[in-house]
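Keep in mind that this is a model prediction, so the values were computed, not measured. Below, chains carry the letters A, B, ... as their sequence lines are ordered, and counting in each starts from 1.
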Number of protein chains: 2
Amino acid sequence: MHGSGRVKIVDVAAAAGVSATTVSHVISGRRPVSAATRARVEDAVRRLGYQADPSARGLRTQRTDTVGLVVPDITNPFNTELAAGIQAVAYARGLLTVVCEAPMTGGPQLPAVLGQLTARRLDGIVLGRFGARRADLDLIAGSGARLVRLGTRIADGPGDVVRGAETEGMRDLVRCLVGERGYRRIGFIGGEAGVEPGGERYEGYRQALAEAGRAVPEELVAWTGFTREGGRAGAALLLDAAEPPDAVVCANDLIAIGALDVARARGIDVPGRLAVTGYDDIDAASMVSPALTTVVNPAREIGRSAARLLVDRLDGDTGPAREVVLTHQVVRRASA
Amino acid sequence: MHGSGRVKIVDVAAAAGVSATTVSHVISGRRPVSAATRARVEDAVRRLGYQADPSARGLRTQRTDTVGLVVPDITNPFNTELAAGIQAVAYARGLLTVVCEAPMTGGPQLPAVLGQLTARRLDGIVLGRFGARRADLDLIAGSGARLVRLGTRIADGPGDVVRGAETEGMRDLVRCLVGERGYRRIGFIGGEAGVEPGGERYEGYRQALAEAGRAVPEELVAWTGFTREGGRAGAALLLDAAEPPDAVVCANDLIAIGALDVARARGIDVPGRLAVTGYDDIDAASMVSPALTTVVNPAREIGRSAARLLVDRLDGDTGPAREVVLTHQVVRRASA
DNA sequence: TCACGTATCCAAATCGTTTTGCATGACAGG
DNA sequence: CCTGTCATGCAAAACGATTTGGATACGTGA
C-alpha cells in the first residue's frame, strides 16, 4: 500500500532514472522512446501505481475526457438504456460519462443545468429529448463541447443528430389499428406539448388516419406529460368525452401504462372494449398485463450511436453535421 | 455572445480594474473586499460570463467537486432512484455526480471501474450493493475519496454506511405468509450468492420460518442473479422440485417479476396456486399483474442520505464512521 | 510626530502535467 | 577525420486558478 493518489510523474521519473518529460512521452507515445527506457518507465509506473492527475492534465490539454448526457427524467427506462449505451462506448475510449437530469417541471431547469455542465468544460454533450431552445444549443456549441442532439432534426441547430424513425413508426402502428383491427374512434395522448418526440409521433398518428380518409378527432387528443401520471390524466380526459374512444394511442410506454391503470380502475376490459398502445418498448411494456402493443425504439443503440458520433468528433472529424436515423419495429402484444 | 468558455480571471480583473487576486477573493469570500470593489467585480463577472476553469481550480485546491456512484446494474430501477436521490443533494451543493456501472458478470469489473474513478480524484464515492472485497474498499479509502457503502455493515470496512432494515423487512413479509396466509412450502430465490442484500434478506426469511418452528427447505432455495432473467431461472428450478412450493419469496422485485413470467408461461395461477413476493417496491412492482406484494425500500431516500453523509464529510466532519438505517414497510398487493 | 493597527489590494509562488526547442551521442557517408 | 542525420532525453515554459506574505494608505492614540 503506497501513498496511493499521491505519487506524481517526477516520482516515476526518479524511480526509472529519467526525466518527467520522458515518462510523459512513454505514456502518451507522442515521441519515440528507446525500448529499454520504455520498459524501465512502464515498470516504475506499475510499481508505484502512478495515475496522472486529471486536473493537471486537463489544465494543460484543455480537455476533460468527460462527456455528459442531459435528460428530462432520469427514472424513465428509455433514458436509462440510453445512458447505458453511451457509457459503454465512452468507457471503452477512457471517457467518463455524467448523466444529468433537467426536469421539465420542478427542480433545476435546462439552462441552469447546461450552465453547470459548460462550466465543467465537458468535451461533449448528448442532449436528450427536450423542447430545447435555440439559445440552449448555442450555449453548448459556444462552450466548445461537441453536441449530439436526440430526436430532433438536423436543421434545427448546431451539432449532429440521432433519432429513431418516429413518425414512420407511429404511422405503421396506427395503420394496424385502423386496418386489420378496425378501430373506429382512435384517441391520442401526447407528452408535454411541444416536446419531442411527441410532435413526430403525433404526426405519424395523423398521417395514418389521413391515409384512411379520416380526420383527427380533436376532442380525443390530450397533451399531458411523458409519465405514468400523465397517462392517467390523459386517459381520464379521453374516457370522459361525450363519445369515448375504442382505442388510445399513447406517445410512450409510461403514458400507456398510466392509461391501463385508469382502464383497470374503471373496469374497462383491454383490449376488449379499449385498445391501448405505447411507444419505446421499455422493459415494463412486456411486464404489464395485458402486455403492451408498442414500437421498439432501440434506446441502447441510440446511445451507442450518439457516443460514437461524439468520439469521432473528438478524434478530429470536422465534416458536416451528420444525422443517424435508426429503424423501428412494431411489436404486437395483447393490449390491442 | 462572447468567446464563452474562453474568458479567464485576468480578463475579469482587467474589466473591473483590479487584480486577479481580488477577483478570486470576491468569488470565494476568503478575504474581505470593500463593497465598492466587490460590486465592480461581480458586475464584470456577470457581463463577461466568467466561469472558473475547473481543471485549474482543481489543480490548485486538490478537489474536483465531483462524486461518484457505482452500481452493478444501471438499468435496475432501484439503482436509478438511488442515483436521482444522490444527484438531487449533490447538485444543490454544486457537486457533479457520475454514475458508473460495474456489471457482476461481463463488462468491466469492479476493480477496473474503481481504478478509473480513483484516477479521476473524485471527492467522494457511493458504493452500491456489491459483494465488494476489502481490497476494493481500501483502494477507495486510500485514494483520498470519502466513502459511503450501501447495504452492508459498518464493521465490514472503512467509510460510512446507509442501509435499509433488510432482515427485519423480509422477516415481517414472510411472517405474513406463514401466519395469516398459511402457506406451507415457502421457497426463496436470491441474487448472486454472497452479494448483499441477498444475505440479509435470506436471513429474514430464515428467521421468520424459525419463529414458526420450521426449517428452511434447502431444496427450495436458489441463488441466481438480481435480474428478471435470474428470477426465471430460479423459478423454473423451484417449480421442477419433487415437492414444489406454494409460495416463492424473491430477493428483489426483478426476480419476482421473472418468477411471474414462469408462472404465466406454465399456466400456474398466482396467487391461487402460487404466491410470489418481491422486495424494493420499484415502479414496475405495481405495474405487473398480479401486482407484487413486496417491501418498500426507499431508494431515493437512501440516495439522499448517502449524499448527505458525503457532503458532511467534505465539509470537514471527521467524527467516527456513521451508519444510517432506514425503515421498511410491507406492501400487500395481489400476488400473495 | 511617531508607532502601530486595520483595511485593502497586489505580486509571486504554487499545484502536476504536457509540449517545444535544444543538447548530446552515435553512426554513416565522404 | 569531418560533417550532417538520426535517435534519444532533458530543461523550461506554458495552462489558469488559489493562496500567502507583503505593500500601501489611512486612522488613532500617545
Roughly, in whole Å, what's the span from [atom1] in [X] to [atom2] in [N]?
{"X": "Tyr50(A)", "N": "dT17(C)", "atom1": "OH", "atom2": "P", "answer": "3 Å"}
{"X": "His25(A)", "N": "dT18(C)", "atom1": "NE2", "atom2": "P", "answer": "9 Å"}
{"X": "Arg38(B)", "N": "dC9(C)", "atom1": "CZ", "atom2": "C1'", "answer": "13 Å"}
{"X": "Gln51(A)", "N": "dT17(C)", "atom1": "CD", "atom2": "C1'", "answer": "15 Å"}
{"X": "Arg30(B)", "N": "dT8(C)", "atom1": "CZ", "atom2": "C1'", "answer": "18 Å"}
{"X": "Leu59(B)", "N": "dG16(C)", "atom1": "CG", "atom2": "P", "answer": "7 Å"}
{"X": "Ile27(A)", "N": "dT19(C)", "atom1": "CD1", "atom2": "P", "answer": "12 Å"}
{"X": "Arg121(B)", "N": "dG16(C)", "atom1": "CZ", "atom2": "C1'", "answer": "9 Å"}

Closest-nucleotide mapping onto DNA chain C: is Val18(B) or Ile9(A) further toward the 5' terminus? I mean the 5' end.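 By nearest-heavy-atom nucleotide position, the 5'-most residue is Val18(B).
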
Report the residue (Ala56(B) or Arg31(B)) whose heavy-atom-nearest nucleotide on DNA chain C is the more 5′ of the two.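 Result: Arg31(B).
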
Considering every strand and a 4.0 Å limit on heavy-atom distances, what is the contact class for [X]: base, sugar-phosphate, or nothing?
{"X": "Ser34(B)", "result": "sugar-phosphate"}
{"X": "Val10(A)", "result": "nothing"}
{"X": "Ser24(A)", "result": "base"}
{"X": "Ser55(A)", "result": "nothing"}

Are the charged groups of Glu301(B) and Arg308(B) less than 4.0 angstrom apart, N to O?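 Judged by the 4.0 Å cut-off on N to carboxylate O distance, Glu301(B) and Arg308(B) do form a salt bridge.
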
Take atom CZ of Arg30(B) as the centre, draw a 6.0 Å sphere, and report whether it contains more than 12 heavy atoms from other residues, nucleotides or ligands.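 At most 12 heavy atoms, drawn from other residues, nucleotides or ligands, come within 6.0 Å of this atom.
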
Name of the residue among Ile140(B), Val148(B), Leu310(B) meeting side-chain contact (heavy atoms from CB on, under 4.5 Å) with Ile125(B):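 For Ile125(B), the side-chain contact (heavy atoms from CB on, under 4.5 Å) check succeeds only for Ile140(B).
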
Quick one: which of Val67(B), Thr97(B), Thr66(B), Leu95(B) gives a side-chain contact (heavy atoms from CB on, under 4.5 Å) with Leu122(B)?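 Output: one option passes, namely Thr66(B).
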
Under 4.0 Å between a side-chain N/O of [X] and OP1 or OP2 of [N], yes or no?
{"X": "Thr37(A)", "N": "dG9(D)", "value": "yes"}
{"X": "Thr22(A)", "N": "dG9(D)", "value": "no"}
{"X": "Gln62(B)", "N": "dG16(C)", "value": "yes"}

Between dG16(D), dT17(C), dT8(D), which one does the side chain of Asp53(B) approach most closely?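 Of all the options, the side chain of Asp53(B) is nearest to dG16(D).
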
Record whether the side chain of Arg60(B) comes under 3.5 Å of the base of dT14(C) through a donor-acceptor pair of N or O atoms.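 For Arg60(B), whose side chain was compared with the base of dT14(C), there is a donor-acceptor pair (under 3.5 Å).
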
Does Thr21(A) make a side-chain donor-acceptor contact with the base of dT19(C), cut-off 3.5 Å?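 Yes.
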
Can you check whether Pro197(B)'s main-chain N or O pairs, donor with acceptor, with Arg129(B)'s side chain at less than 3.5 Å?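 Side chain of Arg129(B) to backbone of Pro197(B): no pair is present.
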
